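Down below is the structure, laid out as structure tokens.
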Amino acid sequence: MGRWWLNGVKRALQSTLEWINRTETRNPRRQRSSLLAKEVHVPTPIVTIGSALILFVLLLPQVGFTIPMITALAGLIAILTLFFVLYIQTDLPQFINDDEAVFLTGFCMVLGVGMIELCQRFPAFSQYGVPVGAITILVTLLLHVRLAFLVGVVLSLFCGALYGFSFNAMFVAFFSSMAAMLASRHVRHRSDLVRAGFHVVWVSCLCIYGLGLFHVWSTTLVLHRFCWVGINGALCVIVALALLPVLESFFSRVTPITLLEVGDFNRPLLRRLMMEAPGTYHHTLLVSALAEQAAEAIGANSLLCRVGMYYHDVGKLEHPDYFIENQTMRRSPKDKAEFHDKLNPSISSLVIVSHVKDGVALARRYKVPEEVIRFIPEHHGTSLIKYFYMQALQQEDEEAPSVDAYRYPGPRPHSKETVIGMLADSVEAASRALEEPTYERLKGLVEKIVNSKYMDSQFEEAPITLQDLRKIIDSFSASLSAIYHVRIEYPEMPEKESPLPLTPPASFESE
């Protein structure tokens with residue numbers, strides 16, 4: 001009876017381990033593909049608890065080592081952690097099982113508190129120069145703007161509390177972080193971060209001016225604090241520029257800045273695609289335009305869709321002539337494939353499937369971000385290569401071939417963006433073989449392809465709704481009808497019986 005508490009501890013530990021295992025198996029980054037899996041994986045609950053403990057250790061010297069203060073700090077951090085978990089679970093459910101996103105959120109919170117404490121250790125450093133806005137810039141670009149708002153509010157409260165419960169410090173920190181968050185929403189180039197720093201400065205100057213009127217500060221004191229908020233804006237830019245590439249690489253996140261850099265067609269891999277596989281290159285341009293417009297329609301990341309589809313078929317560079325869009329000698333869709341004539345259907349399907357693995361290898365060799373690489377395997381999912389499977393059915397007299405042998409290896413799409421990429425690729429390819437592509441026929445074709453992918457269970461692992469699919473169908477139909485629009489026949493000029501001879505200009509005659 002004296003060891004009754006051991007059974008309770010065992011049950012608690014067993015329940016915790018079961019929770020960790022359940023969370024780990026639901027992690028979307030682990031399910032995607034062995035090609036994309038990380039070598040090191042820390043379960044999300046462990047990351048959450050670890051971040052809370054580090055925050056506790058950072059704040060403990062500030063509150064003191066007495067039992068009441070330690071208990072109060074532990075309770076405060078527990079409530080704060082629970083609030084973050086509930087908020088993410090309610091408003092940003094895509095992050096709740098993403099251990100890297102949770103890790104990054106905790107890291108940014110710890111970094112923000114550590115930065116406030118570091119500034120506080122220098123008595124000459126003013127409380128108005130603490131660059132809280134740098135953290136909200138990072139969270140906005142790497143995670144989500146609404147999560148950045150929450151992080152900015154919490155760090156502003158910590159800033160005020162650590163500076164002796166100063167309302168002035170909290171007030172300036174809050175509005176400067178909100179200015180940084182709003183200004184960084186539309187960042188497309190690294191130079192745009194300088195503009196975000198400028199917004200931090202003028203918003204903080206307004207706050208200082210308002211506080212100066214309220215507290216009746218002298219003009220000299222107000223100007224002195226204007227200088228500190230200028231330092232605040234400069235530090236926001238410097239810290240964000242310094243940490244952004246490191247955090248992008250370590251946490252496998254991708255920002256609009258990186259996407260625009262990766263989507264430049266002067267990059268070597270896209271340049272190779274343009275020169276060595278021109279048919280695939282033009283197909284890529286059309287598919288990326290379709291995907292971008294569909295992403296805009298459902299509120300997905302349109303820039304990621306566009307850039308991801310630039311790279312979705314780069315694996316065809318290894319054997320470009322085995323793909324129909326690069327077979328320039330074909331005169332009609334009914335002609336037989338030139339390089340597959342002498343191959344068995346099973347061998348042809350292996351050649352077609354190999355472009356997925358080759359594409360991932362090429363993209364990694366050219367250091368393409370993982371978020372973009374995911375479009376390469378996921379835009380095919382586990383779809384069936386119908387053309388060669390039907391050929392195999394016609395050739396096999398005794399035993400039907402296995403369907404699984406003629407499927408892509410996967411994984412299936414795990415995001416709205418890769419679902420759009422899958423549908424855009426299939427729709428653009430199928431629409432080329434459509435005779436008399438009117439709007440009604442194009443829409444019927446798009447609906448047929450979407451229904452076939454849905455019935456093939458390609459969308460089971462993606463957070464996409466039937467309403468989203470309907471919007472995608474409407475977007476594709478409108479885009480394809482614009483591509484295959486009807487042209488009027490231009491009349492030819494009537495030929496004259498005796499056309500006038502071309503006479504050289506007077507200047508030539510003089511020479």
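Nothing fancy with the numbering, it's 1 onward along the sequence. Owing to the predicted nature of the structure, the values given are computational and were not obtained by experimental measurement.
- Of all heavy-atom pairs spanning Thr418 and Arg374, the tightest one is CG2-O, 4.2 Å.
- Residues Met422 and His380 have side chains not in contact (no heavy-atom distance under 4.5 Å, counting atoms from C-beta outward).
- Under 4.0 Å is where a charged nitrogen must lie from a carboxylate oxygen, and between Glu370 and Arg364 at least one such pair does.
- Salt-bridge check for Asp264 with Arg267: failed, with every basic side-chain N at 4.0 Å or more from each acidic carboxylate O.
- Other residues, nucleotides and ligands place no more than 12 heavy atoms under 6.0 Å from the CZ atom of Phe214.
- The CG atom of Leu58 sits 10.5 Å away from atom CG of Leu73, with the distance rounded to the nearest 0.5 Å.
- Between Tyr310 and Phe265, the ring center distance clears the sub-6.0 Å criterion.
- Considering only heavy atoms from C-beta on, Leu260 comes within 4.5 Å of Arg306 through its side chain.
- The backbone N or O of Gly133 sits less than 3.5 Å from a side-chain atom of Thr136, completing a donor-acceptor pair.
- The side-chain heavy atoms of Ser126 and Cys119, taken from C-beta on, include no pair separated by under 4.5 Å.
- Minimum interatomic distance between Arg272 and Leu317 (heavy atoms only, all atoms of both residues): O-CD2, 3.6 Å.
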Where do Asp192 and Arg195 land on the salt bridge (charged side-chain N to carboxylate O under 4.0 Å, His left out) test, with the steps shown first?
-> CA-CA 5 Å; Asp192 292 340; Arg195 190 182 304 121; 3.3 Å; yes

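- Atom CG in Leu59 sits 6.0 Å away from atom CG in Leu162 (nearest 0.5 Å).
- Atom OH of Tyr281 is separated from atom CG of Leu273 by 8.5 Å, given to the nearest 0.5 angstrom.
- The CD atom of Glu460 lies 11.0 Å from the NE2 atom of His414; values are rounded to the nearest 0.5 Å.
- The distance from the CE atom of Met309 to the OG1 atom of Thr284 is 7.5 Å, given to the nearest 0.5 Å.
- Side chains of Asp468 and Thr465: a donor-acceptor N/O pair is present below 3.5 angstrom, by distance only.
- Within the 4.5 Å cutoff, the side chain of Phe250 has no heavy atoms near those of the Glu100 side chain.
- A 6.0 Å sphere centred on OH of Tyr366 holds more than 12 heavy atoms belonging to other residues, nucleotides or ligands.
- Side-chain contact between Phe175 and Leu206 is absent, with no heavy atoms from C-beta onward closer than 4.5 Å.
- No donor-acceptor pair closer than 3.5 Å links the side chain of His215 to the backbone N or O of Gly212.
- Glu261 has a carboxylate O that lies under 4.0 Å from a charged side-chain N of Arg190, or vice versa, which qualifies the two as a salt bridge.
- Of the possible polar contacts, none joining the Thr255 side chain to the Leu141 backbone as a donor-acceptor pair under 3.5 Å is found.
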Carefully, step by step, assess Val201 and Cys205 under the rule side chain to side chain contact (heavy atoms under 4.5 Å, CB included).
-> CA-CA 6 Å; Val201 172; Cys205 284; 4.1 Å; yes

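- In this structure, Glu461 pairs ionically with Arg412, as a charged nitrogen and a carboxylate oxygen lie closer than 4.0 Å.
- One N or O on the side chain of Ser184 and one on the backbone of Met181 form a donor-acceptor pair closer than 3.5 Å.
- Using cut-offs of 30° and 60° on the angle between ring planes, the pair Tyr454 and Phe459 is tilted.
- The two residues Asp456 and Ser383 come nearest to each other via the heavy atoms OD2-CA, 4.0 Å.
- Atom CD1 in Ile464 sits 4.5 Å away from atom CG in Leu469 (nearest 0.5 Å).
- Among residues two or more places apart in sequence or in another chain, the ring-ring contact (aromatic ring centres under 6.0 Å, His included) test is passed with Phe107 by none.
- For Thr258 (side chain) and Val254 (main-chain N/O), no donor-acceptor pair under 3.5 Å exists by modelled atom type.
- Under the 3.5 Å distance criterion, the side-chain polar atoms of Ser156 are matched with a main-chain donor or acceptor of Gly152.
- Using a cutoff of 4.0 Å between basic side-chain nitrogens and carboxylate oxygens, Glu318 and Lys357 are not scored as salt-bridged.
- The shortest heavy-atom contact between Gly129 and Leu235 is O-CD1, 3.8 Å.
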Side-chain atoms of residues 296-305: list all donor-acceptor pairs with protein atoms under 3.5 Å, sequence neighbours left out, distances to 0.1 Å.
from   : atom 1 : to     : atom 2 : distance (Å)
Glu296 : OE2    : Ser302 : OG     : 2.9
Asn301 : OD1    : Leu303 : N      : 3.3
Asn301 : OD1    : Leu304 : N      : 3.0

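- Not one N or O on the side chain of Arg271 forms a donor-acceptor pair closer than 3.5 Å with the backbone of Asn266.
- Between Phe375 and Tyr311, the ring centre distance reaches or exceeds 6.0 Å.
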Show your reasoning for whether side chain to side chain contact (heavy atoms under 4.5 Å, CB included) applies to Leu244 and Ile257.
-> CA-CA 10 Å; Leu244 196 57; Ile257 299 171; 4.0 Å; yes

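- Listed by first and then second residue, the ring-ring contact (aromatic ring centres under 6.0 Å, His included) pairs that reach into residues 121-161 are Phe125-Trp228, sequence neighbours excluded.
- Taking all atoms of both residues into account, the shortest heavy-atom contact from Gln127 to Ala169 is OE1-CB, 3.5 Å.
- Between His312 and His355, a ring centre-to-centre spacing not shorter than 6.0 Å is recorded.
- Scanning both residues, Ala173 and Val132, for their nearest heavy atoms gives CB-CG2, 4.1 Å.
- A 6.0 Å sphere centred on OH of Tyr209 holds no more than 12 heavy atoms belonging to other residues, nucleotides or ligands.
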Let me see the working for Ser475 and Gln293 under side chain to side chain contact (heavy atoms under 4.5 Å, CB included), right down to the final yes or no.
-> CA-CA 7 Å; Ser475 174; Gln293 293 181 26; 4.0 Å; yes

